[in-house]
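To keep things clear, I will list the structure first and then write my remarks on it.
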Amino acid sequence: MHAARSDGVQLRRNKGGRPSRRSLLFALAGVPALTRGANAQGPLRLVALGDSLTAGFGLPSEASFPALLQRELATKGETVTVVNAGVSGDTAEDGLARLDWSVPRDAQGVILELGANDALRGMDARRCETTLDQIIGTLEGRGIGVLLCGMYAPRNLGAEYVEAFDGIYPRLAAKYGLVLYPFFLDGVAGDAAFTQPDRVHPNAEGVRVIVAKMLPTVEAFITKLTTH
């Protein structure tokens, strides 16, 4: 489940349409330093760490989830930069492997959207949970807040797998006291009106639905970041 920066920096893509990891590294290296209390001096900086659902697969960069979220927050009076650190095809382990350079240490918050590819491939749910736990623990250890975006397993994988996978996100949210958005594709999944022909990735209208539904949760997350 390809990537563009929401702050006007376009990432170089390889032949498969995925952003070059070197390109992403160099782009993120240019993020200016901010402290948690620096919102008055500059925008709060969030990093959307995820797969193609975050990156905006099949869409122009301005229609990606991070770009649209940033614009919608601005209409609410929130001065926030949302950096797109989505890489198509990434599993939770891929996200952990690039965590150090995908999320600058001076970022104030991360919108974590990983696990969809683990589920689509039927990968071990316990391993996915352990990996997401490592990501969250590392970010929390750096003083970076996390908004956790949940994902549901495909129902054709069987009740046992579905129960194990779907429970990952509520368990981790409870463990760390995180703001949780239960299902990233809420209102979009499986709906031809809101998805691309693959019936998996949201189209531009689908992204608008996702952002509209998630916006109150993101605002609550921002409040949590700026009052602690």
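Heavy-atom minimum distance, Leu147 versus Thr217: CD1-O, 4.0 Å. Nearest heavy atoms, Asn203 versus Gly206: OD1-N, 2.7 Å. Residue Pro216 comes nearest to Ala212 through the heavy atom pair CD-O, 3.7 Å, listed as atom of the first residue, atom of the second, then distance. Minimum heavy-atom separation, Ala67 to Ser61: CB-O, 3.4 Å.
Salt-bridge formation is detected for the pair Asp100/Arg142: a Lys NZ or Arg NE/NH1/NH2 atom is positioned less than 4.0 Å from an Asp or Glu carboxylate oxygen. Of the charged side-chain nitrogens involved, at least one lies within less than 4.0 Å of a carboxylate oxygen, so that Arg155 and Asp166 count as a salt-bridged pair. Ion pair Arg127/Glu93 flagged as a salt bridge, since at least one NZ, NE, NH1 or NH2 atom sits closer than 4.0 Å to an Asp/Glu carboxylate oxygen. Ion pairing between a basic and an acidic side chain is recognised when a charged N comes within 4.0 Å of a carboxylate O; Glu205 and Arg208 show such pairing. Remark: Glu219 does not engage Lys76 in a salt bridge, criterion side-chain N to carboxylate O under 4.0 Å.
No donor-acceptor pair closer than 3.5 Å links the side chain of Tyr176 to the backbone N or O of Glu140. Using modelled atom types, one side-chain atom of Asn84 and one backbone atom of Ala55 make a donor-acceptor pair closer than 3.5 Å. Listed for the Gln108 side chain is a donor-acceptor partner under 3.5 Å among the backbone atoms of Arg45. Counting only distance, with no hydrogens or angles, the side chain of Arg105 and the backbone of Ile144 share no donor-acceptor pair below 3.5 Å. Counting only distance, with no hydrogens or angles, the side chain of Asn117 and the backbone of Asp90 share a donor-acceptor pair below 3.5 Å. Listed for the Gln196 side chain is a donor-acceptor partner under 3.5 Å among the backbone atoms of Phe57. A distance-only check finds a donor-acceptor pair linking the side chain of Glu113 to the backbone of Thr54 [under 3.5 Å].
A heavy-atom distance below 4.5 Å is not found between the side chains of Met214 and Asp186. Counting heavy atoms from C-beta on, the side chains of His201 and Asp198 come closer than 4.5 Å. For the pair Pro43/Glu78, no side-chain contact is recorded, criterion being any heavy-atom separation below 4.5 Å from C-beta on. Proximity of Leu44 to Ile222: side-chain heavy atoms (C-beta onward) are separated by under 4.5 Å at one or more points. Looking at heavy atoms from C-beta onward, Ile210 lies out of side-chain contact with Leu53 at the 4.5 angstrom threshold. Looking at Leu185 and Tyr152, their side chains never come closer than 4.5 Å, going by heavy atoms from C-beta outward. At least one side-chain heavy atom of Val103 sits under 4.5 Å from a side-chain heavy atom of Leu139. Side-chain contact check for Leu59 versus Ser64: every heavy-atom pair is 4.5 Å or farther apart.
Put simply, Phe183 and Leu112 are part of the same group of oily side chains (I, L, V, M, F, W, Y) that touch within less than 4.5 Å, one to the next. Both Val209 and Val211 are part of a single hydrophobic cluster, where members link through side-chain heavy atoms under 4.5 Å apart. Residue Leu215 is grouped with residue Val80 when hydrophobic side chains (ILVMFWY) are merged at heavy-atom distances under 4.5 angstrom, including chains of intermediate members. Linking Ile, Leu, Val, Met, Phe, Trp and Tyr residues whenever their side-chain heavy atoms come within less than 4.5 Å places Leu148 and Leu99 in a single cluster.
Screening Val47, Leu49, Leu69 for a side-chain contact (heavy atoms from CB on, under 4.5 Å) involving Ile111 leaves a single residue, Leu69.
There is a side-chain donor-acceptor pair under 3.5 Å between Thr91 and Asp94.
The distance from atom CG of Leu120 to atom CG of Asp118, rounded to the nearest 0.5 Å, is 9.0 Å. The structure places CD1 of Ile168 at 11.5 Å from CG of Leu114, a figure rounded to the nearest 0.5 Å. Arg126 contributes atom CZ, which lies 9.0 Å from atom OG1 of Thr130 (distance to the nearest 0.5 angstrom).
Note on ring orientation: taking the six-membered ring where Trp is involved, the planes of Tyr169 and Phe165 are perpendicular (angle over 60°, cut-offs 30° and 60°). Ring pair Phe184/Phe65 is perpendicular by interplanar angle, where above 60° counts as perpendicular and below 30° as parallel.
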Checking Leu73 against Val218 for the side-chain contact (heavy atoms from CB on, under 4.5 Å) test, could you report, in this order, the C-alpha distance in whole Å, the side-chain angles of both residues, the deciding distance, and whether it holds?
CA-CA 9 Å; Leu73 286 169; Val218 176; 4.1 Å; yes

